[in-house]
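Sequential numbering from 1 along the given sequence is applied to the chain's residues. Remember, it's 1-based here, ligands and their atoms both numbered in the order they're listed.
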Amino acid sequence: MSLERLERMLNREQFEKVKAIDNPELHRFLADWIEWLEPEKVFVCTDSEEDEQHVRWKALYYGEEKMLETPNHTVHYDSYHDQARDKANTAILTPGGRKLPFLNTKDRDEGLREIKELMKGIMHGKELFICFFVLGPRNSIFTIPAVQLTDSAYVAHSEFILYRKGYEEFRRLGRAARFFRFVHSEGELDERKTSKNLDKRRIYIDLEDETVYSVNTQYGGNTIGLKKPAFRLTIKRAVEEGWLSEHMFLMRVNGPHGRKTYFTGAYPSMCGKTSTAMMPWENIVGDDLTFILQVDGRARGANVEKGVFGIIQGVNQEDDPIIWKVLHSPVEIIFSNVLVKDGKPYWNGMGIEIPSDGENHSGEWWRGKKDEEGNEIPPSHKNARFTVSLEHFPNVDMEALESPCGVEIGGMIFGGRDADTWPPVREAFGWEHGVITMGASLESETTAATLGKEGVRAFNAMAILDFMSVHLGDYIRNYLDFGRKLKRAPKIFAVNYFLRENGQWLNHKLDKGVWLKWMELRVHNDVDAIETPIGYIPRYRDLVKLFKDVLGKDYTRGDYEKQFTIRVPELLEKLDRVERIYRETVREVPERLFEVLDEERKRLLEARERYGDYISPFALGEKL
Ligand code: SPV
Ligand code: MN
């Protein structure tokens, strides 16, 4: 039945491609949506280079991307008001609109009705791309197949860069495929080829059918189905099935004598996640999303993706030599929302002179140009990005990237943007302590990665709150259970790159390279540490050596003392804030969470009795 409908709607060549997949459920889904969206034509992407090339060309042909001077480089613009994830118009569809803490939910029936209405006939005159990808390495314990429908060749193009092709995987799995579905339309476009009807922008996540709908937007975080839309679906599956789907990078830190130790790291957007994973002397596996499964009592991780949709602001030759080099080589890259002048891309904080006019996310741009609210428009948007495959990075760990069993995780890091509370690095006493006082207690100042005010301290458990799709209490319970099942749990660490004093940063951008090396040593118990009320911190002498070895820098006692002072009043206030959130807003959480927070509070109060409000690491047993 569905096949007959598809045969009517597709040309012979495209029809043969979908027919070759033995999956009636897929056929029904495609037939229903093609009928509904009413595209002028349909293109089905197999895994062939030719089909990928078709998509690349269509992005140029339809004007969603423009060529830059360097071969294989293109630029894409999103509407001036479509530069980040739209949290307000993103909703999880739940039966009866059941409320869940921190989540934007909407009644499922109503949401489906609304989104279908918005999408009826929306692809008139347009080409619909049907693409098949997988999350995780192909044919692995991590693999989840997914099909994307989109009328944006830019979105499809981005996905070819970011995900492993999945057409053959669909053919191999046939009826057994439990696949995700993504339906996207950029809607009507203006003369700049950017989405016009932003008032009708919606991103609705249907957990029941494992389908995400996205409409009247182009910004990647709203539209690239396998990225953040899929993330909501995988979090739900992970909690149901007892594994972890995390907003984490995955990287290799190189220890002494060729030792390889893998770390994951969860940080809210724009808090140093990509730049940590890109430390030039370490090796990247992934920069955004990691699946973690338990195999033989060990936590094993894999990158969900195979490319980077990274923030370009501040990328400069000195601090990010690898990204810089990749961005200046003729490999396939989509730049988005940057300034372009004479075919060259420019961005804020690139460390070289930027032209005083050109084209950017606001259209024709000149220095001093103001937006409707009278704010000066910078050369590039703060959330401007680059999209590139990881294979082009000289420091990628390809073996780990493609390993069907992932890699064993030695340490897990949680980090936020915090001006005054957490020290630059510390280690948890154990899994529970780390999950609760570091992951589940994460707070971070808001950034330009989402629409809305910046610089506001906000609770952001596991840096995942923007993407949460289940009750936070269930998510934390699953986390705690996951650790209990492990014979050897990864060590948990917390970092903070953003400590400030009188508006000045206390750390340099590259100091994180030292924290990573210290954490690597701690995973193998190669150095000891100072026990504090909030976990273990590094000894001064170990950091002196690491600063010298890693950065060639002298690390002063004064810097160490300032950075690693235990700030008891701020830490107690934070504990109170976090506890209040769990008691009053989240409510149903494992009791253990409150016990662990209480234990931490007791330790802090006792320490204050003895040492006062601000405790120097030297007072806690650090000797020269
Ligand atoms: C993030 O904001 O966390 C990103 C980019 O990784 S987005 O795709 O917008 O989510
Ligand atoms: Mn992210």
Original post:
Is NZ or CZ of R181 both nearer than 6.0 Å to the six-membered ring centre of F179 and within 45° of the ring axis?
Top reply: yes
Subject >> Ligand-residue contact atoms, ligand 1 with G221, heavy atoms, under 4.0 Å >> reply: 7 (S), 8 (O), 9 (O)
Original post:
Any N or O on K227 sitting closer than 3.5 Å to an N or O of ligand 1?
Top reply: no
Subject >> Metal site angle (apex the Mn ion (ligand 2)), NE2 from H247 and OD1 from D288, 10 degrees >> reply: 90°
**OP:** Please check if any side-chain donor atom of N348 sits under 3.5 Å from a side-chain acceptor atom of S380, or the reverse.
**Re:** yes
**OP:** Please identify which atoms of ligand 1 are closer than 4.0 Å to at least one heavy atom of H247.
**Re:** 3 (O)
Original post:
Does a side chain donor of either Q218 or Y154 reach within less than 3.5 Å of an acceptor in the other side chain?
Top reply: no
Which pairs of donor and acceptor atoms, one on a side chain in residues 437-446, lie under 3.5 Å apart (sequence neighbours left out)?
unit_1	atom_1	unit_2	atom_2	d
T437	OG1	H433	O	2.7
T437	OG1	H433	NE2	3.4
S441	OG	I436	O	2.6
E443	OE1	K574	NZ	3.1
E443	OE1	R577	NH2	2.8
E443	OE2	R577	NE	2.8
S444	OG	R417	N	2.8
E445	OE1	R500	NH2	3.1
E445	OE2	R500	NH2	3.0
T446	OG1	K453	O	2.8
T446	OG1	G455	N	3.2
T446	OG1	V456	N	3.1

Subject >> Atoms in ligand 1 flagged as close to S269, the criterion being non-hydrogen separation under 4.0 Å >> reply: 1 (C), 2 (O), 3 (O)
Subject >> R426 to F493, cation-pi by 6.0 Å centre distance and 45° axis angle >> reply: no
Original post:
Any N/O/S of L289 under 2.8 Å from the Mn ion (ligand 2)?
Top reply: no
Original post:
What do you reckon, does Y219 have a nitrogen or oxygen under 3.5 Å from a nitrogen or oxygen of ligand 1?
Top reply: yes
Subject >> M119 versus V215, closest heavy-atom pair with distance >> reply: CE-CB, 3.8 Å
Subject >> Any side-chain heavy-atom pair of K236 and E241 under 4.5 Å >> reply: no
Subject >> Shortest reach to atom 5 (C) of ligand 1 by a heavy atom, considering only R85, R385, E305 >> reply: R385
Original post:
By number and element, which atoms of ligand 1 are closer than 4.0 Å to a non-hydrogen atom of D288?
Top reply: 6 (O)
